[in-house]
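Worksheet for the structure shown next.
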Amino acid sequence: MPCTSKCIRIAALAATAIVLGTQIAIAQAPSVASQWLNTPASRVEALAVLEALNANLLSNASATFALDRWCATHKLASEASKIVTERVGGQDKPADEHIRELLTAGPDELIAYRHVRLVCGDRVLSEADNWYVPARLTAEMNQALDTSDVSFGRAVQALNFTRANLTAKLLWSPLCEGWDMGGLVANETNFRSLPPFLLEHHAVLRLRDGTPFSALVERYTDKVLDFRVPRLLSQ
């Protein structure tokens, strides 16, 4: 039988209720970042994940390849996505005396500079300052670095380089100082926004004979935690 006007009005009201209910649920759902800070257990998990990332980065010569795996393992982008580089212009930082010392470069030796973001899908996972000595790379490598957004690690991969880590600093901890002695108190579970950067590394890349050719300062963003809290302690 044909639907009456009353039926149509009821159906329309039901559809509107479903849409509004969905919108309210989405609006009330906590962000992924806030979920990491929702309970004492998830805070412990966040610290464990950061330490795992830190160990992965420190054990790899190239941050690019370490982040490739992090991006894939934690499904931060579509399947088979690789880290891509975004060059940041207008922020040139000439090499100071400390950088020249790290690179064993004379006062007149050319040192190039790159400021880049490493991106997984639509998530910026890190920002890096990179000073390098063009004379210690091949012409093809220098051309790629000068004319494209290729990541430094991919551009110089053929050098089979090594990495000397100078410092690794946790810029933020999900747990308060002394938590291991006093425990986590109730107000520690309040939602709080993550800071923009969570880790900072300083490193030097070296040729196989030990000659340094690149000095790096890498800062890893809160987006490295932009996935759902593991179901270990939080459930």
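For the single chain, residues carry numbers from 1 onward in sequence order.
Taken together through direct or relayed side-chain contacts under 4.5 Å among Ile, Leu, Val, Met, Phe, Trp and Tyr, L53 and V44 form part of one hydrophobic cluster. Put simply, L166 and W131 are part of the same group of oily side chains (I, L, V, M, F, W, Y) that touch within less than 4.5 Å, one to the next. Under the 4.5 Å side-chain heavy-atom criterion for grouping Ile, Leu, Val, Met, Phe, Trp and Tyr, M141 is not connected to L103 through any hydrophobic cluster. A continuous path of ILVMFWY side-chain contacts below 4.5 Å connects W172 to V49, so both sit in one hydrophobic cluster. V156 and V204 fall into different hydrophobic clusters, where Ile, Leu, Val, Met, Phe, Trp and Tyr are joined by side-chain heavy atoms under 4.5 Å apart, directly or via other members.
When the ring-ring contact (aromatic ring centres under 6.0 Å, His included) test is applied to H74, the partners found at least two apart in sequence or on another chain are W70, F227. For N60, the side-chain hydrogen bond (donor to acceptor under 3.5 Å, both in side chains) test picks out R69, with sequence neighbours left out. Residues forming a salt bridge (Lys or Arg N to Asp or Glu O under 4.0 Å) with R163 (at least two apart in sequence, or on another chain): E218. Remark: D209 pairs with T211 by the side-chain hydrogen bond (donor to acceptor under 3.5 Å, both in side chains) rule, at least two apart or across chains.
Between the side chain of N130 and the main chain of L216, no donor-acceptor pair closer than 3.5 Å is present. Proximity of a side-chain donor or acceptor of S62 to a complementary backbone N or O of G153 within less than 3.5 Å is not detected. Formation of a donor-acceptor pair under 3.5 Å by the R123 side chain with backbone atoms of V224 is not found in this model. Not one N or O on the side chain of D226 forms a donor-acceptor pair closer than 3.5 Å with the backbone of D222.
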Which pairs would a plain distance check flag for residues 109-118, meaning a side-chain donor or acceptor within less than 3.5 Å of a matching protein atom at least two apart in sequence or in another chain?
unit_1: E109; atom_1: OE1; unit_2: G106; atom_2: N; d: 3.4
unit_1: Y113; atom_1: OH; unit_2: D129; atom_2: OD1; d: 2.5
unit_1: R114; atom_1: NE; unit_2: L145; atom_2: O; d: 3.4
unit_1: R114; atom_1: NH1; unit_2: V150; atom_2: O; d: 2.9
unit_1: R114; atom_1: NH2; unit_2: L145; atom_2: O; d: 3.4
unit_1: R114; atom_1: NH2; unit_2: S148; atom_2: O; d: 3.0
unit_1: R114; atom_1: NH2; unit_2: V150; atom_2: O; d: 3.0
unit_1: H115; atom_1: ND1; unit_2: Q91; atom_2: OE1; d: 3.1
unit_1: H115; atom_1: NE2; unit_2: E127; atom_2: OE1; d: 3.1
unit_1: R117; atom_1: NE; unit_2: E127; atom_2: OE2; d: 3.1

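The shortest distance between side-chain heavy atoms of L207 and N160 does not fall below 4.5 Å. Residues K169 and L199 fail the side-chain proximity criterion, which asks for heavy atoms closer than 4.5 Å. Between L67 and S126 the shortest side-chain heavy-atom distance falls below 4.5 Å. L198 has its side chain within reach of L225: a pair of non-hydrogen atoms, C-beta onward, lies under 4.5 Å apart.
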Residues R154, D68; criterion salt bridge (Lys or Arg N to Asp or Glu O under 4.0 Å); working and verdict: CA-CA 11 Å; R154 295 196 209 283; D68 273 340; 3.0 Å; yes
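Atom CG of residue L170 and atom CG of residue L47 lie 7.0 Å apart, to the nearest 0.5 angstrom. Once rounded to the nearest 0.5 Å, the distance linking CZ of F161 with CZ of R206 reads 13.5 Å. To the nearest 0.5 Å, the span separating CG on L194 from OG1 on T221 amounts to 10.0 Å.
Of all non-hydrogen atoms in L205 and A61, the two that sit nearest each other are CD2-O, 3.8 Å.
Between F197 and Y220, the gap from one ring centroid to the other reaches at least 6.0 Å.
Around NZ of K75, the count of heavy atoms belonging to other residues, nucleotides or ligands within 6.0 Å does not exceed 12.
Ring geometry for F152 versus F213: interplanar angle under 30°, hence parallel rather than tilted (30 to 60°).
A disulfide (SG to SG under 2.5 Å) check over residues 66-150, counting only residues at least two apart or in different chains, returns the pairs C71-C120.
Each of N165, T167, N54 was checked for a side-chain hydrogen bond (donor to acceptor under 3.5 Å, both in side chains) with H201, and the lone residue meeting it is N54.
The residues D122 and K223 are annotated as not salt-bridged, no charged nitrogen and carboxylate oxygen being separated by less than 4.0 angstrom.
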